[in-house]
Protein chains: 2
Amino acid sequence: MNDKLYQIGQLAKMAGTNVDTLRYYETAGLVNATRRSASGYRLYSEQDAQRLYFLLHAKKVGFSLKEIKQLLGLRLHKDEHTCEEVKHYTGAKISEIEAKIADLEKIKQALESLHMACCGGGESAENCSILSTLEDPDTFKHTSDK
Amino acid sequence: MNDKLYQIGQLAKMAGTNVDTLRYYETAGLVNATRRSASGYRLYSEQDAQRLYFLLHAKKVGFSLKEIKQLLGLRLHKDEHTCEEVKHYTGAKISEIEAKIADLEKIKQALESLHMACCGGGESAENCSILSTLEDPDTFKHTSDK
DNA sequence: ATAAACCCTTAAGTAGGCTCTAGGGTCAAG
DNA sequence: CTTGACCCTAGAGCCTACTTAAGGGTTTAT
């Protein structure tokens, strides 16, 4: 059933990116086409497309291609040691994601204050920047990252 | 009260970055020191530090310096037109942030499946990648961004 | 009064992530 | 059987976001 294949141009359009980028991702070992046509055209499967979508979304939230490659490479093996590593790695990554979400919520709140203050009451038009909407001045204090 | 000033090295340490980057942010018009000492040393205020923290957090969730500059530059003026623009811009940015949060939740779920499958039951060790943990294959379909 | 640890500027260099160019096959339509 | 829209490779070029280098003042402790 799921044996539909896409040419590079189709996939690029579907994903909202372009062929050069897809070829670049291939050289970077991120998204390969499952097979090639007789004439050498890349033919991408649904799975390949999934990989690409995942990559593009992960990129949008600030992961580097290197990190994304690791994420996409995550796989459980029976080897206990590897398994421990996977558990450690995913745990760390999950915390990282939670921190990102928290940051986004803060930025969102700041923007919402601004959005609502705007043209609503209209009194306090001065002194109304994105930073002044953050009640707590320590909101964005540095919290150990890497 | 809030008149504490920091030298570039202090601020860099506080923020977990380095002096070169701070100087770079200055040339890029992102974070300026409120004043200079007699000998030309940059002296950063608490507010400057806030700007920097905001910038670093926004960067972590995938905003470019250009976008961050716009965010930091957001300010309401009495001019109605500008105000409309601000409302439009903040609205768009808020949607963008919500999309990012949704993406992060998805990635987080995938990682959590992997994290728990790992060494837990231990039966389904094969075929367990980050993509196979995403029940719905359309989870990461392309949804207009840009 | 000198050494260590700061700070300054200008300018060049680097890494990551594409993007474009040149030169050339492939394929479906008319 | 040719035109237009695809596809291919290799390699150069480009933008963003730093990072390093070179040459030189300032401050604080001893």
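A note on names: the letters A, B, ... follow the listed sequences, proteins ahead of strands, and every chain is numbered from 1.
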What is the separation between atom CG on A/Leu22 and atom P on C/dC20, rounded to the nearest whole Å?
14 Å

Evaluate the side-chain contact (heavy atoms from CB on, under 4.5 Å) criterion for residues B/Phe54 and A/Asp103: first the C-alpha distance (whole Å), next the side-chain angles of each, then the deciding distance (0.1 Å), finally the verdict.
CA-CA 9 Å; B/Phe54 181 88; A/Asp103 284 344; over 6 Å; no

When you look at A/Tyr6 and A/Met14, which way does the side-chain contact (heavy atoms from CB on, under 4.5 Å) test go after all the steps?
CA-CA 10 Å; A/Tyr6 308 101; A/Met14 282 160 55; 3.7 Å; yes

Using heavy atoms and a sub-4.0 Å distance, could you list which residues of residues 32-40 of chain A are near DNA chain C? By number, please.
A/Ser39

What is the distance, rounded to the nearest whole Å, between atom CG of A/Leu11 and atom P of D/dC6?
15 Å

Just the rounded figure in Å: distance from C1' of C/dC18 to NZ of A/Lys60.
18 Å

What integer distance in Å separates A/Leu55:CG from C/dG16:P?
16 Å

Give the rounded distance in Å between these two atoms: OH of B/Tyr44 and C1' of C/dC8.
12 Å

Would you check if the side chain of A/Thr21 reaches a backbone N or O of A/Thr17 as a donor-acceptor pair within less than 3.5 Å?
no

Evaluate the salt bridge (charged side-chain N to carboxylate O under 4.0 Å, His left out) criterion for residues A/Lys108 and B/Glu98: first the C-alpha distance (whole Å), next the side-chain angles of each, then the deciding distance (0.1 Å), finally the verdict.
CA-CA 8 Å; A/Lys108 186 182 160 191; B/Glu98 281 164 356; 3.2 Å; yes

Between B/Leu22 and B/Glu26, does a side-chain contact (heavy atoms from CB on, under 4.5 Å) hold up when you go through it step by step?
CA-CA 6 Å; B/Leu22 292 192; B/Glu26 183 178 286; over 6 Å; no

Nearest whole angstrom, please: distance from the C1' of C/dA5 to the CD of B/Gln7.
11 Å

Just the rounded figure in Å: distance from C1' of C/dC27 to CD of A/Gln10.
14 Å

A/Asp20 has a side chain; which of D/dT19, D/dT9, C/dC20 sits nearest to it?
C/dC20

Within this structure, what is the CD-to-C1' distance between A/Glu67 and C/dG16, rounded to whole angstrom?
13 Å

N or O in side chain of A/Asn18 less than 4.0 angstrom from C/dC18 OP1/OP2:
no

Hey, are A/Tyr89 and A/Gln70 close enough side-chain-wise for a donor-acceptor pair under 3.5 Å?
yes

Is there a side-chain polar atom (N or O) of B/Lys59 under 4.0 Å from OP1 or OP2 of D/dC18?
yes

Are any of B/Arg42's side-chain N or O atoms less than 4.0 Å away from OP1 or OP2 of C/dC7?
no

Identify which nucleotide among C/dT9, C/dT19, C/dC6 has an atom closest to any side-chain atom of B/Arg23, counting heavy atoms from C-beta outward.
C/dT9

Any side-chain N or O of A/Tyr25 less than 4.0 Å from the OP1 or OP2 oxygen of C/dC18?
yes

Tell me yes or no: between the side chains of B/Gln7 and B/Tyr44, is some donor less than 3.5 Å from an acceptor?
no

Spell out yes or no: do the side chain of B/Tyr41 and the base of D/dG25 have one donor N/O and one acceptor N/O closer than 3.5 Å?
yes

